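Worth saying up front: this structure is predicted, and the values here are computed from it rather than measured.
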Amino acid sequence: MTWQFTLTGLLIGSIVGLTGMGGGSLMTPILVIVFGFKPTYAVGTDIVHGAIFKTFGAIRHRRLGTVHGHLTLWMFLGSGPLSLAGVGVATLIKHHYGDSAQSIESYAVGAALVAGGIGFLAKSFIKRGVKPDDRPFILTGRDKIIAVIIGAVFGFVVGLTSVGSGTFFGLVMVLVYPLTMPKIVGTDIFHAAALLWVAGIGHLVSGNVDLHATAWLLTGSIPGVLISSRFTVRLPDVVLRIALGTILLLSGIKLLKAPGSSWILLAGLIALGIGLAAYGLRAWLARPRSVEPQRA
């Protein structure tokens, strides 16, 4: 497979470029459910792809001045080392549990996706702590300790499952730190890029990465994000987050192998498609209509 990976990368890149969300969490379930990857290799491939891919966004946000450098550093002090611990646990599972290792990893990824989907939905409605202005935010000693703990907990989850490099950290920053939304997004992406490089190198050393798939994914995702970022999607943030959060939940249920998960996934995607189509139709009917000039 080559063009299929490129097309998938283009889809993920376009979603991120248009909406600024959802790319990383969607890649692992696509690799497992659509392409039949073993979960361990899907996680490693996703993380290396995300490290390269998100670096472009990180550089852009740094230039825009939307990155809180000190907060990024303190979170990374926890997330960097613990992401390697997550990689180590994934590798131990692969080597010590033989054929059952992939089932264990699949359940871990599924649980992370369900949690990530819930987090995505929560981010749609929780705005507590978001500042309306860009006054400097100076970290206290307590803020630094919390940042390290946040990094350690979710860094381990990212190293093990590849899920949450953006979702979990962004949600917690909204709840804990008084930053503007652009600063939260910029800090989130910059930290995610640094974290994924560390975890990605760990997975490369452990042999958990399909470099062929990674290369072809990047041939689609990089042009996709660069081209689509020039446009703005008309769907509101809340609608997009609900849609992507629902997809993550459904994918997690599928990987957890819940009873009737295939039917739940199919029914959920059909319901989501109908809901988005209905919203689009309603918005189209409600659009302002131009009045044609009357002829004399």
Side-chain angles (χ1 to χ4, degrees), residues 1-35 37 41-67 72 76 79 83 87 116 120 158-159 161-167 169-170 182 184-205 208-235 237 240-241 243-244 247-248 251:
M1 295 184 187
T2 51
W3 66 267
Q4 293 95 331
F5 287 127
T6 302
L7 188 62
T8 301
L10 182 65
L11 171 65
I12 296 297
S14 298
I15 289 173
V16 173
L18 286 170
T19 69
M21 62 185 85
S25 298
L26 288 172
M27 183 62 79
T28 294
I30 287 175
L31 290 176
V32 174
I33 296 172
V34 177
F35 292 105
F37 271 50
Y41 292 98
V43 168
T45 302
D46 181 11
I47 286 178
V48 171
H49 169 266
I52 300 170
F53 178 60
K54 287 198 173 183
T55 298
F56 288 84
I59 293 171
R60 179 170 176 267
H61 278 283
R62 185 64 178 172
R63 288 176 176 173
L64 291 172
T66 54
V67 177
T72 300
F76 184 71
S79 64
S83 70
V87 175
F120 232 99
V158 171
T161 68
S162 83
V163 178
S165 62
T167 303
F169 288 99
I184 289 171
V185 172
T187 303
D188 192 7
I189 291 176
F190 194 88
H191 170 263
L195 166 60
L196 291 174
W197 272 112
V198 174
I201 291 170
H203 277 288
L204 272 171
V205 172
N208 297 334
V209 180
D210 187 325
L211 292 174
H212 174 267
T214 302
W216 284 106
L217 287 167
L218 288 169
T219 61
S221 61
I222 293 174
V225 73
L226 293 176
I227 294 170
S228 63
S229 61
R230 298 174 179 271
F231 304 95
T232 54
V233 73
R234 294 187 178 183
L235 287 175
D237 245 19
L240 287 167
R241 289 190 185 279
L244 292 172
I247 291 172
L248 294 184
S251 300

When you compare the side chain of [Y] with that of [X], does any pair of heavy atoms fall below 4.5 Å?
X    : Y    : result
T8   : M27  : yes
S83  : V158 : no
L31  : Y41  : no
L204 : V48  : yes
V34  : Q4   : no
W197 : I52  : yes
I47  : V87  : no

From [X] atom [atom1] to [Y] atom [atom2], the distance as rounded to the nearest 0.5 Å:
X    : Y    : atom1 : atom2 : value
I189 : H61  : CD1   : NE2   : 3.5 Å
H203 : T45  : NE2   : OG1   : 9.5 Å
D188 : I184 : CG    : CD1   : 9.0 Å

Exam field: side chain T187 to backbone T72, donor-acceptor pair closer than 3.5 Å: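 Not at all, since once roles are kept as given, no pair shorter than 3.5 Å links the two residues.
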
Expected output: side-chain T6 to main-chain W216 donor-acceptor under 3.5 Å: yes

Evaluation steps, side chain to side chain contact (heavy atoms under 4.5 Å, CB included), between V198 and F76: CA-CA 10 Å; V198 174; F76 184 71; 3.5 Å; yes

Atom of A42, atom of V32 and distance for their closest heavy-atom approach: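 Minimum heavy-atom separation between A42 and V32: CB-CG2, 3.5 Å.
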
Heavy atoms from other residues, nucleotides or ligands near CZ of F37 exceed 12 (cutoff 6.0 Å):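 Enclosed.
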
